[in-house]
2 protein chains.
Amino acid sequence: MNYSKQRETILDTLREYTVHPSAEQLYEKVHSKDKTISKGTLYRNLNQLAASGIIKKIDGLDTSAHFDHNTHEHYHFICNRCKKIYDIEKEDVKIPEIKQKDEFIITNHDIIFKGICKECRKKNLD
Amino acid sequence: MNYSKQRETILDTLREYTVHPSAEQLYEKVHSKDKTISKGTLYRNLNQLAASGIIKKIDGLDTSAHFDHNTHEHYHFICNRCKKIYDIEKEDVKIPEIKQKDEFIITNHDIIFKGICKECRKKNLD
DNA sequence: ACCAAAATTAGTAATAATTCCTAATTTTTA
DNA sequence: TAAAAATTAGGAATTATTACTAATTTTGGT
């Protein structure tokens, strides 16, 4: 991968997030820094960065992909009400182990927990 | 939910699958039975059926949602090469348990395993 | 069975997320 | 510093899905 100013801006911007933005959300922020960066460039770079393992692409959270600069293995929780995405540390989960039965070579797995977050639960009690 | 002939056809058709078709794949088959069923009707019904727990909607497998008539809890494996989706029985997985720390009320979770399936592995050895 | 209310439909338009295309520019190589 | 390779902006195209509307079907009470 060659250097490009645009890719640097995109990666830097993603790294400012503690949560995991969608491409659209990231675009807003990237665009506010550099008006000339196009969506094509954003998507291309996010996919390249994910393919080379520098960032992570998370599917299945909602209708769009989300991106995460935190590459250490961890899982996610999405609140069904507010749709916010929280990190679940791997240390807090008993990691699933699968009896492979010679059927599959499993290289990775994602766990997505769903439910109601503390904040939304509180709101409901008012 | 009222009865409708279209919904019956859609559900019957989904139940013919052992794998989990996308809406598009299902549409082909449904359409071959009844040319008048529209995509709008298909999507609406799939979402209604999923909302009422009669079927399951699986996100995060690829770019589209997939649907599963098998409502007993189980996980999925998707092959990175052929993109086929296999069932992983819950009995074959040590279920993850999370230290909730009072933060979340977890109502459900999905696990998606990724890797290479047996068939694709074989092909590579030829 | 009959009828009004509610639910559902087909078909199409609209939207959202993402990829593709192309000519121009930038980066790397040597 | 010039040629080759990679990357870009911007817009068109594609894919997946939802929204809209007038017509039809289903349902529950009589």
Side-chain angles (χ1 to χ4, degrees), chain A residues 1-14 17 19-68 78 80 83 85 112, chain B residues 1-14 17 19-68 78 80 83 85 112:
Chain A
M1 241 194 319
N2 283 351
Y3 169 84
S4 89
K5 175 120 190 161
Q6 290 86 339
R7 180 148 49 232
E8 190 175 46
T9 301
I10 289 165
L11 190 52
D12 285 352
T13 307
L14 181 58
Y17 281 88
V19 294
H20 318 318
S22 65
E24 191 59 41
Q25 292 167 332
L26 193 55
Y27 179 73
E28 297 303 317
K29 214 166 179 178
V30 163
H31 195 71
S32 76
K33 290 184 184 178
D34 180 346
K35 301 259 176 283
T36 70
I37 295 177
S38 68
K39 275 198 185 170
T41 297
L42 178 70
Y43 274 100
R44 187 171 12 81
N45 276 289
L46 288 173
N47 285 334
Q48 283 172 240
L49 290 164
S52 65
I54 295 162
I55 67 171
K56 265 173 126 177
K57 188 175 185 170
I58 312 158
D59 290 307
L61 292 172
D62 57 20
T63 53
S64 59
H66 287 247
F67 296 88
D68 190 352
I78 181 165
N80 289 332
K83 305 294 174 192
I85 297 155
I112 293 169
Chain B
M1 241 192 323
N2 283 353
Y3 170 85
S4 91
K5 175 118 190 162
Q6 290 87 338
R7 180 147 51 231
E8 191 175 45
T9 301
I10 289 164
L11 189 52
D12 285 352
T13 307
L14 181 59
Y17 281 88
V19 295
H20 317 318
S22 64
E24 191 59 38
Q25 293 167 331
L26 193 55
Y27 180 73
E28 298 302 318
K29 214 166 180 179
V30 163
H31 194 70
S32 76
K33 292 183 183 180
D34 181 345
K35 300 261 178 283
T36 69
I37 295 178
S38 69
K39 276 198 185 170
T41 297
L42 178 70
Y43 274 99
R44 187 171 12 80
N45 275 289
L46 288 172
N47 286 332
Q48 283 173 238
L49 290 165
S52 65
I54 295 161
I55 67 171
K56 265 173 125 176
K57 188 174 185 171
I58 313 159
D59 290 306
L61 293 173
D62 58 20
T63 52
S64 59
H66 287 246
F67 297 88
D68 189 352
I78 181 164
N80 289 332
K83 305 293 175 194
I85 297 154
I112 293 168

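No experiment lies behind these values; they were computed from the predicted model shown. First the proteins, then the strands, lettered A, B, ... as listed; each starts at 1.
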Q: Looking only at side-chain N and O atoms, does A:Asn47 come under 4.0 Å of OP1 or OP2 in C:dT19?
A: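 Result: yes.
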Q: Taking OP1 and OP2 of D:dA16, is either one under 4.0 Å from a side-chain nitrogen or oxygen of B:Ser22?
A: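 B:Ser22 to D:dA16 OP1/OP2: no side-chain N or O under 4.0 Å.
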Q: Between atom CD1 in A:Ile37 and atom C1' in D:dT8, what is the gap in whole Å?
A: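 Spelled out: CD1 on A:Ile37 to C1' on D:dT8 is 10 Å.
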Q: What is the distance from CG of A:Asp62 to C1' of C:dA16, rounded to the nearest Å?
A: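 In whole Å, C:dA16 C1' lies 12 Å from A:Asp62 CG.
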Q: Which value, rounded to the nearest 0.5 Å, describes the distance between B:Tyr27 atom OH and B:Tyr43 atom OH?
A: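 Interatomic distance, B:Tyr27 OH to B:Tyr43 OH, rounded to 0.5 Å: 10.5 Å.
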Q: Please report the closest heavy-atom contact between A:Thr9 and A:Thr13, naming both atoms and the distance.
A: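 Taking every non-hydrogen atom into account, O-OG1, 2.6 Å.
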Q: Can you tell me which nucleotide in D:dT18, C:dT27, D:dT26 comes closest to the side chain of B:Asn2?
A: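 The listed nucleotide nearest to B:Asn2's side chain is D:dT26.
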Q: Roughly how many Å is it from CZ in B:Phe67 to P in D:dT17, rounded to a whole number?
A: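 B:Phe67 atom CZ is separated from D:dT17 atom P by 7 Å.
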Q: Could you give the angle between the helix axes at the two ends of the helix from C:dA1-D:dT30 to C:dA30-D:dT1, with five pairs per end, rounded to 10 degrees?
A: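 Inter-axis angle at the termini of the helix from C:dA1-D:dT30 to C:dA30-D:dT1: 50°.
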Q: Expressed as a whole number of angstroms, how long is the span from B:Gln6:CD to C:dA7:C1'?
A: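 Rounded to the whole Å, the gap is 12 Å.
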Q: Quick one: which of C:dT18, C:dT8, D:dT17 gets closest to the side chain of B:Ser4?
A: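 Of C:dT18, C:dT8, D:dT17, C:dT8 is nearest to the side chain of B:Ser4.
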Q: Between B:Asp34 and B:Thr63, which residue's closest nucleotide on DNA chain C lies nearer the 5′ terminus?
A: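 Between the two, 5'-proximity favours B:Asp34.
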Q: Calculate the interatomic distance between B:Gln25 atom CD and D:dA16 atom C1'; express it in whole Å.
A: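 Taking CD of B:Gln25 and C1' of D:dA16, I get 13 Å after rounding.
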Q: Considering every strand and a 4.0 Å limit on heavy-atom distances, what is the contact class for B:Tyr43: base, sugar-phosphate, or nothing?
A: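 Base contact.
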Q: Of all the choices, D:dT8, D:dT17, C:dT19, which nucleotide is nearest to the side chain of B:Ala23 once you look at every atom?
A: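 Out of D:dT8, D:dT17, C:dT19, the nucleotide with an atom closest to B:Ala23's side chain is D:dT17.
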Q: Does the side chain of A:Lys39 come within less than 4.5 Å of A:Glu24's, by heavy atoms?
A: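 Yes, side chains in contact.
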Q: Rounded to the nearest 0.5 Å, what's the gap from CG on A:Leu42 to CD on A:Gln6? Could you check?
A: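 So the CG of A:Leu42 and the CD of A:Gln6 are separated by 11.5 Å.
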Q: Tell me: NZ of A:Lys5 to P of C:dT27, nearest whole Å?
A: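 Taking atom P of C:dT27 as the reference, NZ of A:Lys5 is at 10 Å.
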Q: Distance check needed: C:dC20 C1' versus A:Arg44 CZ, whole Å only.
A: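 Going from CZ in A:Arg44 over to C1' in C:dC20 covers 11 Å.
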Q: With a 4.5 Å limit on heavy-atom distance, are the side chains of B:Gln25 and B:His66 in contact?
A: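 B:Gln25 reaches B:His66 side chain to side chain.
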Q: On DNA chain D, compare the nucleotides closest to A:Asn45 and B:Met1; which residue's is nearer the 5' end?
A: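 Nearest nucleotide further toward 5': that of A:Asn45.
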Q: Side chain to side chain contact (heavy atoms under 4.5 Å, CB included) with B:Glu8: which of B:Ile10, B:Leu11, B:Asp12?
A: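 So the option named by the test is B:Asp12.
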Q: With a 4.0 Å limit, can you tell me whether A:Ser38 has a side-chain N or O closer than that to the phosphate oxygens OP1/OP2 of D:dG10?
A: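 Answer is no, no contact under 4.0 Å.
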Q: Any base atoms under 4.0 Å from B:Thr41, or only sugar-phosphate, or nothing? Heavy atoms, all strands.
A: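 The residue B:Thr41 makes base contact.
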Q: Measure from CG on A:Leu42 to P on D:dG11 and round the result to the nearest Å.
A: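 Atom CG in A:Leu42 sits about 16 Å away from atom P in D:dG11.
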Q: What are the two closest non-hydrogen atoms of B:Lys57 and B:Asn47, and how far apart are they?
A: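 So the minimum-distance heavy-atom pair works out to NZ-OD1, 3.0 Å.
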Q: Which nucleotide in the list C:dT28, C:dT8, D:dT7 gets nearest to the side chain of A:Arg7?
A: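 The listed nucleotide nearest to A:Arg7's side chain is D:dT7.
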Q: Has B:Lys5 got more than 12 heavy atoms of other residues, nucleotides or ligands less than 6.0 Å from its NZ?
A: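 No, the 6.0 Å shell around NZ holds no more than 12 heavy atoms from other groups.
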